[in-house]
Structure formats: C-alpha cells, structure tokens
S.K.: 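Here it is, the structure in full.
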Amino acid sequence: ADLGKMADALGQFSRGNFEDPGLPEGPGVPAHAAELFRDAAAAARTRIKNLEERYLQEKTQLETLVYNMTDGIVIMSLRGEVLYMNAPAMNMLGVKPEDGRDAAQGFFELAHREQMRASVQKILERHSHSEVVEVPPSEGEGGTPRFYHTTVTPFAAPGANTESGVLLTMRDVTVERQLTQLKEEFFHAVAHDLRAPIFAVQGYLRLLEKATAPDAKLKGYFTAIYQSCEKLVLFIQDILDTHRMEAGQLSLDVTAILVR
C-alpha cells in the first residue's frame, strides 16, 4: 500500500502537481523517501511562485511600455490578416474604440478584420516605395493628410523555424514634415526675397558712380557699401549651402591642394 502511494506521488509529480503527497513513513517506504518528496515538492512550489512573480512583473512592464508608447503597432499574419494593434495604431488608422476588443498587454483584437486588412495592405504597398507613408483623412472627416514613418519587420513565434507574422510600426512624422515645409519656404524667401534687394542696391550704386564724378571721400562711401553688400550676399549663400548640405543636394568639387 505504501509503495502504491509512492507511485501515485510520482504520477502527480509527472502531471505537474507539486503539492505535498503526504507519503507515510514506515517499513514499506525507503528511508528518507517521504522527506525527499516533501523537500522536492516545496522546492518546486517555490520555483513556480518565483516564475509566476517574474512573469507578472515582465507582463506589467510590457503593458506599461505598450500603453505609453506613441508609435502605432500592428501585428499581422503572413496572409495579411490583422491580428492585433495597439491604441495609437487604432487612432492612426481611424479605428473606433468600440471596434476593438482588449486582448492582452495593451493590444486589441478588431471586430472587422477584413476591412482593416485592405487599409493596412495599402500602407504596406506605399511602404515599398517610401518609408514615409501618407494617409488621407477618413471618409466624412475633414483635415489634412497625416504622414507616418513605417517599419516592416517579419517575426517568428518562439520555437518556430520559419516566419509566422509581420510587425508594422508607424511613427507620426506629420509635424516634422510641416516643419520641413516651413524651412523650405524660409530658404526660398532667403534665396529670392533677400538677395533681390541687395542686387538692386548694387545696381543703383554702379549707376550713381557712372552718373557722378565722386571724389575720394565719396568713392570711400561707395566702396564701403559695395563691401557690405558682398558680405550679405556671401552670408546668404552660406545659409543656402548649409540647407543644400542638409538636404544632400550640394555636390562637392574635390580637387587636390598643396598644403604648406
């Protein structure tokens, strides 16, 4: 009977039941067998408790990260089916809160997956041409288009040897695009609206020199005005060259020079 209880205890261990089997201590049980079983069960329970606490801690950290991040995340199958997305992605793609069901760790399952599949496929098609994707406003809603920097990353499930899905991340860069546009308009104004008056001043100075017979004092005034205009022109040219360098539009003329 005692050996039968020991066999039952071993069976419970094999099925993941680490509660104290309550083995009797007697002549039918090997020496210290009951004590060893109790120690093993206690160690297993402690290990499981530590793993559960670690899992809950990591789960909380992941949920905090997903909830507080501003980037949109969309998880899709290899067939293009939208599996999950976080709240920022729902907002970016115009998904209403009532169309998503809280799944876990800050992600939502969608009620109308097929409708979202077409929208996400359009983004993936645009991503193949440029990493910055333009998304027009939803039907019936006003406003301007939004721009998103997209990243597409295949991933595999733990233990899988082949890719099992695609991770799409979207970062709103609309404000950056607007600032870039303002910068372009500013440099356009510098190139045309500022240089034109300076060139006009230089032109009228030449006419004045030809129309008059300036003495040495007036020639000094003309020379000072010319030099100031040239400094302004060079300053504006430096600003434009800096802008071209940032935009990758400035071509360098590489030549060998003699260094002394």
Side-chain angles (χ1 to χ4, degrees), residues 3-25 29-93 95-113 116-117 120 123-124 127 131 148-173:
L3 290 177
K5 289 185 176 182
M6 182 178 291
D8 291 339
L10 290 172
Q12 293 179 26
F13 265 56
S14 65
R15 292 188 295 272
N17 183 3
F18 301 109
E19 297 298 326
D20 188 350
L23 288 177
E25 296 183 8
V29 180
H32 306 299
E35 183 180 355
L36 290 174
F37 265 101
R38 284 193 295 270
D39 292 344
R45 288 194 300 271
T46 302
R47 178 62 174 168
I48 290 174
K49 182 179 179 181
N50 292 337
L51 290 174
E52 289 177 346
E53 291 177 352
R54 181 178 177 184
Y55 165 75
L56 291 175
Q57 181 181 6
E58 293 180 352
K59 179 177 180 290
T60 302
Q61 292 174 349
L62 179 59
E63 288 180 344
T64 303
L65 174 64
V66 173
Y67 275 118
N68 290 294
M69 71 186 310
T70 57
D71 290 356
I73 299 177
V74 181
I75 300 177
M76 299 168 290
S77 67
L78 292 178
R79 297 186 301 273
E81 181 183 15
V82 178
L83 302 178
Y84 303 101
M85 63 174 58
N86 64 348
M90 294 174 64
N91 183 48
M92 293 175 181
L93 296 174
V95 180
K96 298 179 180 179
E98 57 267 22
D99 292 335
R101 182 180 65 83
D102 194 352
Q105 299 179 344
F107 286 95
F108 298 86
E109 290 182 315
L110 302 182
H112 309 288
R113 291 186 175 183
M116 289 310 306
R117 180 175 183 174
V120 174
I123 293 178
L124 293 178
H127 172 82
E131 291 185 351
Y148 301 103
H149 183 278
T150 56
T151 304
V152 178
T153 307
F155 68 90
N161 296 324
T162 58
E163 297 174 356
S164 54
V166 176
L167 178 68
L168 169 65
T169 59
M170 304 170 60
R171 180 168 58 88
D172 194 336
V173 294

S.K.: Hey, what do you get for CG (Asp71) to OG1 (Thr150), rounding to the nearest 0.5 Å?
M.R.: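 Taking CG in Asp71 and OG1 in Thr150, the distance rounds to 11.5 Å.
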
S.K.: Output all residues satisfying side-chain contact (heavy atoms from CB on, under 4.5 Å) with Ser77, sequence neighbours left out; order by chain, then residue number.
M.R.: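 Scan of Ser77 (side-chain contact (heavy atoms from CB on, under 4.5 Å), adjacent residues dropped) gives Arg79, Glu81, Leu83.
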
S.K.: Minimum heavy-atom separation for Met92 to Thr70, with atom names?
M.R.: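 In this case the closest contact between Met92 and Thr70 is CE-O, 3.6 Å.
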
S.K.: Please list, chain by chain and in numerical order, all residues satisfying side-chain contact (heavy atoms from CB on, under 4.5 Å) with Glu53, sequence neighbours excluded.
M.R.: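 So Glu53 forms a side-chain contact (heavy atoms from CB on, under 4.5 Å) with Lys49, Asn50.
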
S.K.: Please give me the minimum heavy-atom distance between Thr169 and Ile73, naming the atom from each residue.
M.R.: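 Smallest heavy-atom distance, with atoms named: CG2-CG1, 4.4 Å.
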
S.K.: Does the side chain of Met170 reach to within under 4.5 Å of the side chain of Asp172, using non-hydrogen atoms?
M.R.: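 No. Closest side-chain heavy atoms not under 4.5 Å.
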
